Student: 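I have a structure I would like to understand better, so I am pasting it below and will then ask my questions one at a time.
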Amino acid sequence: MNNAQVTYIKPRKKNNRLWVIYIALALIYIWAFSGMPITGVKETAGQISKAIFSGIFSPDWDYVYLPDGEDLLRGLLDTIAISVLGTFISAFLCIPFAFWAASNMSKGKATTNTGKFLLSLIRTFPEIVMAIMFIKAVGPGSFAGVLALGLHSIGMLGKLFSEEIESVDPGPAEALTATGANRLQILWFAVLPQVMPGFISYTLYRFEINVRSAAILGMIGAGGIGTPLIFALTSRDWERVGIILIGIIMMVSVIDLLSGYIRKKIV
Amino acid sequence: MIKQQEKIIPTPQSKQKLYLTVLLMIVLFFGSAIKTSSSLTELMIGIPNMLDLLVQMFPPNWSYFIKIIPAMLDTIRMALLGTTFGAIIAIPIAIFSASNIIKSTWLHYPVRAVLNLIRTIPDLLLAAIFVAIFGLGPLPGILALTIFSIGLVAKLTYEAIEAIDPGPLEAMTAVGANKVQWIFFGVIPQVLAHYISYVLYTFEVNIRAAAVLGLVGAGGIGLYYDRTLGFFEYDKTSSIIIFTLVVVLLVDYISTTLREKLL
Amino acid sequence: MIEFANVSKTYPNGVKGLNNINLTIEKGEFVVIVGLSGAGKSTLLRSINRLIEISSGNIIINGKSITEAKGAQLRRLRRDIGMIFQSFNLVKRSSVLRNVLSGRVGYHSTWRTILGLFPKEDMNLAFDALHRVNILEKAYSRATELSGGQQQRVSIARALAQEAKIILADEPVASLDPLTTKQVMDDLKRINQELGITTIVNLHFIDLAREYATRIIGLRAGEVVFDGPVEKATDEVFSEIYGRPIKKEELLGVEA
Amino acid sequence: MIEFANVSKTYPNGVKGLNNINLTIEKGEFVVIVGLSGAGKSTLLRSINRLIEISSGNIIINGKSITEAKGAQLRRLRRDIGMIFQSFNLVKRSSVLRNVLSGRVGYHSTWRTILGLFPKEDMNLAFDALHRVNILEKAYSRATELSGGQQQRVSIARALAQEAKIILADEPVASLDPLTTKQVMDDLKRINQELGITTIVNLHFIDLAREYATRIIGLRAGEVVFDGPVEKATDEVFSEIYGRPIKKEELLGVEA
Amino acid sequence: GSTKASGGDYVPESLTVQFVPSQNADTLEAKAKPLEGLLKEKLGIPVTVSVSTNYNTIVEAMASKKVDVGFLPPTAYVQAHEKGAAKVILQAQRFGVDDETGQPNDKLVDFYKSMFIVKKDSNINKIEDLKGKKIAFQDVTSSAGYVWPAAALMDKKIDPLTDVEGITVKGHDQAVIALLNGDVDAAVIFQDARNIVKGDYPSVFEDTKVIHFTEAIPNDTISIRSDMSEEWVKKIQQAFIDIGKDEEGHAIIKDIYSHEGYVTSEDKVFDIVRDYAKRVKTE
Ligand SMILES: Nc1ncnc2c1ncn2[C@@H]1O[C@H](COP(=O)(O)OP(=O)(O)OP(=O)(O)O)[C@@H](O)[C@H]1O
Ligand SMILES: Nc1ncnc2c1ncn2[C@@H]1O[C@H](COP(=O)(O)OP(=O)(O)OP(=O)(O)O)[C@@H](O)[C@H]1O
Ligand SMILES: [Mg+2]
Ligand SMILES: [Mg+2]
């Protein structure tokens, strides 16, 4: 083969534009760092943190099970029930929002943007304000916690779901379009099978976050392990904190293992 | 036409597993509903009470905006640093947690366990420890946000890594790339967009939920939520929400433009 | 009948995929489109069922403009056009059968299809189609578990099951062995002849084109550079289509 | 020299991809592997550079067992084997050039490559390779913006830039037009002859196989059913490979 | 205060009680069941007790009639009363705290105090010295952590917002630690929050000194929804008082809430809270 003269033109990138961005970023970071005083380690650091850690590492095992209730095991069980239901609610309710906000699913930027805006709004609405709203509606207790979690999680799940939808392979949807399928059919046959692993994986992740949000629920008397945790923390009862943490970590790890297993089965 | 193979319609796999899963889901759902004494009718009856609160939130107290600007700037600043540090530390953790990159379970299980631990530590405890070590102020706040960001970014990123197209990885294996090259040429281009999006999301979460900053005496916007709720001044609460929303949308806008430009 | 009237397509990045195409394809024709890689073959095919929006012009199918069609009407038009994709476009995670059945959704109500309640005849159609491309035994496998050629065949089965009036095939045999190639092309030809289904195929093989086509259209850089019955598509014509004289031995298969 | 000793591969779902393969391929050979879709061609090819782990047996490349190789040694062995994939395996979001350059990473230190500091010669090699497959002008496009054939060519360019001692090509011309096909096959042949690079190609075209191969291996259901010089690969042999007599007119291109 | 909150005709068929822990409790348990049992026994109707750490939610829940009885801190009670959501029926009693040692004494009181502490070796010895100094406060909604101390400052003509550098911390324990760390020059805490930190920092009493005690702050209330019938108000009042006197009951409320007993109370007692709220600038 005669190797003809190889000529190539390196395309001119929009370098000047990029520079503006880099400089702006640098300025923002300089501003941010300027507000961060360098403080040394405190004299009391050793003593207090030693007290904290030695407390946490000698957990209050008695608390695991108390015959008259309100112990670690029952707290964790309550927490799981709240998170399961909250997660179910949000995982279902967020799906329409997610499709609404996904740029490759809705026609026109305006639709997508309103969807994204709504999700941002839900996310910005603090969990505690939602909790107050639901306590007014159904009274304090686990149900209010479930609702607050369920509604609040829509914001995050909706966002993550919509991004998952945005990254699907358009090929199968194209094929369905070509067979004359309507939008719902395209979603069902071409999009859902592709996004399902992502959806499930995000839902499981959110479930895990919800388990940990127990602390927020605890504040409003929703039961679960959050209330005793906050009480233990504010009264600096580190042994109690220690055992509760162990409980939560074990629970989260089990959930993580299970979700890893489930994901492997479905991906 | 060519004579074809015999037409034997194969039998589908048993759906037992699917049915079992669905059944388990239903049991979980209703079990939890009973355990938490949830009732839809109760919610329906209570909705007017709920709206009562929303009504009190309007109109927002616009003049409160000016008051919270410094706190908001502080929050943004600390959130920015916390997110940045967290996002950087999250990279190796995410890579070591991904089972399609690190094949040996001996490595990614311990790393994931550490990650679980990081994600489980409650804000209050982090605050107590960091305040004890560094005293009050922005530094413990930033550190607490860093820890939180590591958990969020690393978890989401490693799951994104596990879902990438294995084709290019195969190609990189075939050219004899070492692990680092394999990651840079096969993995990173595929997850970069995801990673950036998760980092920006974490930044947003840090701005919204910077209550931990209040716990360590670093001020921030979380304090104002407590204050306005404590005084039942819902019009002010709503103006904080709106302000936060504006900031979040702004960050979102800037980040999408940036992403389009850089990727 | 498919009519192209002054059809042009410019991609967002400025590449001109099609440049002022005017064509009329009659019912029952077996058209093969040839051209270099990047000539615009896929673009032309995909504009027929409006998988890509053309930039200007109009495409009329059996008297109805698909360019202007909307909603249910557009879906109806598309249902009658089957497509075999160059890159298969299978739902990787779904079973082969489900992929094939997805070709039938245009015929049923949304709810029925979503609940998976396809009528018995549809199931038979799907199994028939799979049988015809020789992968019936893989009906319940996931699409990921198939070899390249097997995936291509699933994609063909989907189009067959659709019972369309027009079939568009974008390099349907690119990954197939000669036997299956022959079988697929024969099948396309047979349904073309027996049922009078208009068939438009993108092909890279000149000899296959000559063997099966009733008409050959040559594309170059988005323009039609040849359009005529297969007898007129001489070697000189192919030279013209491919942009430079083709030596005898370069024509694949015309004796090594 | 590539030696297969009693190589078998069973996929986790029980499908037998390869069944007790014994082969020796000498340096400088141009081997074409033919067989029905699903016969195990890809499996065979991919076991050579150990992209799939074989279930039993041993594969020895130039005296070193790749089956037993580890770490740097395995990488070194792989660096010397270029591969062209059936499904391209490009990083869709990266530029064409970066995809091609990724073929060079085995030659340089980690830091150099991740910082993108490829030496001038590597850049030239990459541009040369792109030029050779006629898509130099797309060097800075993203892989997603290319047509199917163009993507295939990028994948070929990557393997060319790798300057390997063995090239494995899994249906390298499936999506290419005859001109580019010819060019690519010629290129493969040329580097095979000039540089003595052992080349193993999966092909579906009997005539292409006959034209380019020095040796043809026929696979059926994971077993070698023919192995011999191209002269011996008569039509009867192909019938055998494809599992039933092939009529004259079914051999693609042997006169339509 | 308004009087519309008195007298109603609501007769409960079951009772929802919510408890918000008082700031100045040194041991706390997040337990509801024991009190639930005691009340059920005394009242003869089903009772549910829950604990919350946020008094906004309990006030709102009382306002929308989702909670019948709430243990409210004084400031929260005043706000609930203003919303017409609650009226006070009882106040909790605790043992007083010895000003010298910071340890509980055996006087039953229905008020507590807040105090200013500084490091032992500090040259700040009285309120006036605090001008221009860094002080750890709680959030401005806190009686002991902000309102009462701020009033004390204002008595000495020191503006709590401008004349001192206030740092808001969360938790009285954090205020003590901030002081020990030297992050602040003084801290305001309830009497005597140093006990919480003692476990982690045993020498806290030796290393700090008190420079000022504030006026008395009324103890937590037990408040009841405003439309509760007179008869039931009496019944509930009596039930709580009985629990405090009953041996078993006393042990439980002491153990869990560090309450010693309950005495009847009236809205007037909380006028001082309203006065302070009016006087003290929060923004
Ligand atoms: N989405 C796209 N964005 C930008 N340019 C595109 C896009 N798709 C195709 N092109 C360009 O349009 C031209 C025609 O592409 P097309 O896919 O129609 O070619 P083709 O004839 O089908 O080629 P092949 O035989 O390789 O499949 C090519 O130059 C290609 O690079
Ligand atoms: N990952 C996998 N899991 C299970 N079975 C597989 C997998 N990959 C391939 N197979 C099966 O192994 C057999 C051989 O596949 P292979 O990909 O080697 O065929 P091939 O000869 O390359 O076919 P084609 O010409 O269609 O590409 C096929 O029956 C296929 O279904
Ligand atoms: Mg094409
Ligand atoms: Mg193959």
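Chain letters run A, B, ... following the sequence lines, proteins first, then strands; residues in each count from 1. Predicted model, so just to flag it, every value in this text is computed and none were measured.
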Student: Can you tell which part of Leu54(B) gets under 4.5 Å to a heavy atom of chain A, answering side chain, backbone, both or neither?
Tutor: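 Leu54(B) touches chain A through side-chain heavy atoms alone.
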
Student: If every non-hydrogen atom of Ile47(B) is compared with every non-hydrogen atom of Ala137(A), which pair is closest and at what distance?
Tutor: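 Nearest heavy atoms, Ile47(B) then Ala137(A): N-CB, 4.5 Å.
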
Student: Could you state the interatomic distance from OG (Ser197(B)) to NZ (Lys159(A)), rounded to the nearest 0.5 Å?
Tutor: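 Here the interatomic distance stands at 5.5 Å.
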
Student: Minimum heavy-atom separation for Ser39(B) and Phe143(A), please, with both atom names.
Tutor: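 So the minimum-distance heavy-atom pair works out to O-CE2, 3.1 Å.
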
Student: Measuring heavy-atom distances to chain B, does Glu164(A) have an atom under 4.5 Å in its side chain, in its backbone, in both, or in neither?
Tutor: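 Neither the backbone nor the side chain of Glu164(A) comes within 4.5 Å of chain B.
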
Student: Taking all non-hydrogen atoms of both residues, which atom of Leu229(A) and which atom of Pro122(B) are closest, and how far apart?
Tutor: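 Taking Leu229(A) first and Pro122(B) second, the nearest heavy atoms are CD2-CG, 3.9 Å.
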
Student: For the OG1 atom of Thr87(A) and the CG atom of Leu28(B), what is their distance to the nearest 0.5 Å?
Tutor: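 Answer rounded to 0.5 Å: 10.5 Å.
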
Student: Indicate the atoms forming the closest heavy-atom contact of Gly151(B) with Tyr205(A), along with that distance.
Tutor: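 Here Gly151(B) and Tyr205(A) meet closest at O-OH, 4.2 Å.
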
Student: Give, as side chain, backbone, both or neither, the part of Ile89(A) having an atom under 4.5 angstrom from any heavy atom of chain B.
Tutor: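 It is neither, since no heavy atom gets under 4.5 Å.
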
Student: Kindly determine whether Trp31(A) and Leu73(B) satisfy side chain to side chain contact (heavy atoms under 4.5 Å, CB included), including the steps that lead there.
Tutor: CA-CA 10 Å; Trp31(A) 167 76; Leu73(B) 286 180; 4.2 Å; yes

Student: Without swapping roles, check the side chain of Arg208(B) against the backbone of Arg123(A) for a donor-acceptor pair under 3.5 Å.
Tutor: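 Flag set: sc Arg208(B) to bb Arg123(A) pair under 3.5 Å.
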
Student: For Thr244(B), is it the side chain, the backbone, both, or neither that has a heavy atom closer than 4.5 Å to a heavy atom of chain A?
Tutor: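 Contact with chain A is through both the backbone and side chain of Thr244(B).
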
Student: Which answer fits Leu233(A), side chain, backbone, both or neither, if we ask what part of it has an atom under 4.5 Å from a heavy atom of chain B?
Tutor: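 Contact with chain B: side chain only.
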
Student: How long is the span from the OG1 atom in Thr237(B) to the CD1 atom in Ile128(A), to the nearest 0.5 Å?
Tutor: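 The OG1 atom of Thr237(B) sits 11.0 Å away from the CD1 atom of Ile128(A).
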
Student: By a 4.5 Å heavy-atom criterion (distance strictly below it), what part of Phe30(B) contacts chain A: side chain, backbone, both, or neither?
Tutor: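 Neither part.
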
Student: To the nearest 0.5 Å, what is the distance between CZ (Arg119(B)) and CD1 (Ile209(A))?
Tutor: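 Atom-to-atom, Arg119(B):CZ and Ile209(A):CD1 are 8.0 Å apart.
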
Student: Under 4.5 Å from any heavy atom of chain B, what part of Met156(A) do you find: side chain, backbone, both or neither?
Tutor: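 Both parts, backbone and side chain.
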
Student: Contact part of Val138(A) toward chain B, heavy-atom cut-off under 4.5 Å: side chain, backbone, both or neither?
Tutor: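 Contact with chain B involves both backbone and side-chain atoms of Val138(A).
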
Student: Considering only heavy atoms from C-beta outward, does the side chain of Ser34(A) approach that of Arg77(B) to under 4.5 Å?
Tutor: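 Heavy-atom side-chain distance check passes, below 4.5 Å.
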
Student: Apply the test side chain to side chain contact (heavy atoms under 4.5 Å, CB included) to residues Ile56(A) and Leu125(B): give CA-CA distance (whole Å), side-chain angles for both, the deciding distance (0.1 Å), then the verdict.
Tutor: CA-CA 10 Å; Ile56(A) 288 179; Leu125(B) 182 61; 3.8 Å; yes

Student: Which bit of Met25(B) comes within less than 4.5 Å of chain A, counting heavy atoms only: side chain, backbone, both or neither?
Tutor: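 Both parts, heavy atoms under 4.5 Å.
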
Student: Chain B heavy atoms under 4.5 Å from Trp238(A): which part of the residue, side chain, backbone, both or neither?
Tutor: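 The side chain, not the backbone.
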
Student: Given that the side chain runs from C-beta out, which part of Ile52(A) has a heavy atom under 4.5 Å from chain B: side chain, backbone, both or neither?
Tutor: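 Just its side chain gets close to chain B.
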
Student: For a side chain to side chain contact (heavy atoms under 4.5 Å, CB included) check, start with the C-alpha distance between Leu245(B) and Phe125(A), then their side-chain angles and the critical distance, and finish with the verdict.
Tutor: CA-CA 9 Å; Leu245(B) 183 63; Phe125(A) 224 81; over 6 Å; no

Student: Which atoms of Ser238(B) come close to chain A, meaning under 4.5 Å heavy atom to heavy atom: side chain ones, backbone ones, both, or neither?
Tutor: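 Answer is neither: Ser238(B) stays 4.5 Å or more from chain A.
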
Student: Does any backbone or side-chain atom of Phe134(B) lie under 4.5 Å from a heavy atom of chain A? Answer side chain, backbone, both or neither.
Tutor: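 Backbone plus side chain of Phe134(B), per the 4.5 Å heavy-atom cut-off to chain A.
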
Student: Met133(A) versus Met50(B): any side-chain heavy-atom pair under 4.5 Å?
Tutor: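 Touching, per the 4.5 Å side-chain cut-off.
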
Student: Pick from Ser83(A), Ser120(A), Gly141(A): which one has the most heavy-atom pairs with chain B under 4.5 Å?
Tutor: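 Top option by heavy-atom pairs under 4.5 Å: Ser120(A).
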
Student: Given side chains that start at C-beta, do those of Thr36(B) and Asp78(A) come closer than 4.5 Å, heavy atoms only?
Tutor: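 Sidechains of Asp78(A) and Thr36(B): no contact.
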
Student: Would you check, one step at a time, whether the test side chain to side chain contact (heavy atoms under 4.5 Å, CB included) holds for Ile132(A) with Tyr234(B)?
Tutor: CA-CA 11 Å; Ile132(A) 297 172; Tyr234(B) 296 118; 4.2 Å; yes

Student: Could you grab the distance from atom CD1 of Ile249(A) to atom CD1 of Ile121(B), nearest 0.5 Å is fine?
Tutor: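 Between atom CD1 of Ile249(A) and atom CD1 of Ile121(B) there are 7.0 Å.
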
Student: Can you tell me how far CG of Leu80(B) sits from OH of Tyr29(A), rounded to the nearest 0.5 angstrom?
Tutor: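 Result: 4.5 Å between the selected atoms.
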
Student: Of the backbone (N, CA, C, O) and the side chain (C-beta and beyond), which part of Ile135(A) lies under 4.5 Å from a heavy atom of chain B, both, or neither?
Tutor: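 When you check distances to chain B, no heavy atom of Ile135(A) falls under 4.5 Å.
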
Student: Is it the backbone or the side chain of Leu51(B) that comes under 4.5 Å from a heavy atom of chain A, or both, or neither?
Tutor: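 For Leu51(B), no heavy atom lies under 4.5 Å from chain A.
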
Student: What part of Leu43(B) is in contact with chain A, defined as an atom under 4.5 angstrom from a non-hydrogen atom: side chain, backbone, both or neither?
Tutor: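 For Leu43(B), the contact with chain A is made by backbone and side chain together.
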
Student: For Ser49(A) and Ile133(B), which heavy atoms make the closest approach, and how far apart are they?
Tutor: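 Minimum heavy-atom contact is OG-CG1, 4.1 Å.
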
Student: Minimum heavy-atom separation for His194(B) and Ser167(A), please, with both atom names.
Tutor: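 In this case the closest contact between His194(B) and Ser167(A) is NE2-OG, 4.2 Å.
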
Student: Which bit of Ile241(B) comes within less than 4.5 Å of chain A, counting heavy atoms only: side chain, backbone, both or neither?
Tutor: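 Both parts, backbone and side chain.
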
Student: Could you tell me whether Lys116(A) and Asp252(B) make a salt bridge, using a distance below 4.0 angstrom between a side-chain N and a carboxylate O?
Tutor: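 No, no charged N to carboxylate O under 4.0 Å.
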
Student: Looking at Gly86(A), Ser142(A), Ala51(A), which one has more heavy-atom pairs under 4.5 Å with chain B than the rest?
Tutor: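 The answer is Ser142(A).
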
Student: So which part of Ile142(B) gets closer than 4.5 Å to some heavy atom of chain A, the side chain, the backbone, both or neither?
Tutor: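 The side chain, not the backbone.
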
Student: Heavy-atom distance under 4.5 Å between the side chains of Tyr109(B) and Leu257(A), does that happen here?
Tutor: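 A side-chain contact exists here, since the closest heavy-atom pair is under 4.5 Å.
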
Student: Picking from Thr21(B), Ile76(B), Thr84(B), Val248(B), which has the most non-hydrogen pairs under 4.5 angstrom with chain A?
Tutor: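 Maximum pair count with chain A is reached by Thr84(B).
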
Student: Does any heavy atom of chain B fall under 4.5 Å from the side chain of Phe33(A), the backbone, both, or neither of them?
Tutor: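 For Phe33(A), the contact with chain B is made by backbone and side chain together.
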
Student: Are Phe29(B) and Val84(A) side-chain neighbours, meaning at least one heavy-atom pair lies under 4.5 Å?
Tutor: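 Contact flag for Phe29(B)/Val84(A) side chains = no.
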
Student: Kindly indicate whether the side chain of Ser32(B), heavy atoms from C-beta on, has any atom under 4.5 Å from the side chain of Ile82(A).
Tutor: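 A side-chain contact is absent here, since even the closest heavy-atom pair is not under 4.5 Å.
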
Student: Report which part of Glu163(A) has an atom under 4.5 Å of a heavy atom belonging to chain B: side chain, backbone, both, or neither.
Tutor: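 Answer is side chain: those atoms of Glu163(A) sit under 4.5 Å from chain B.
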
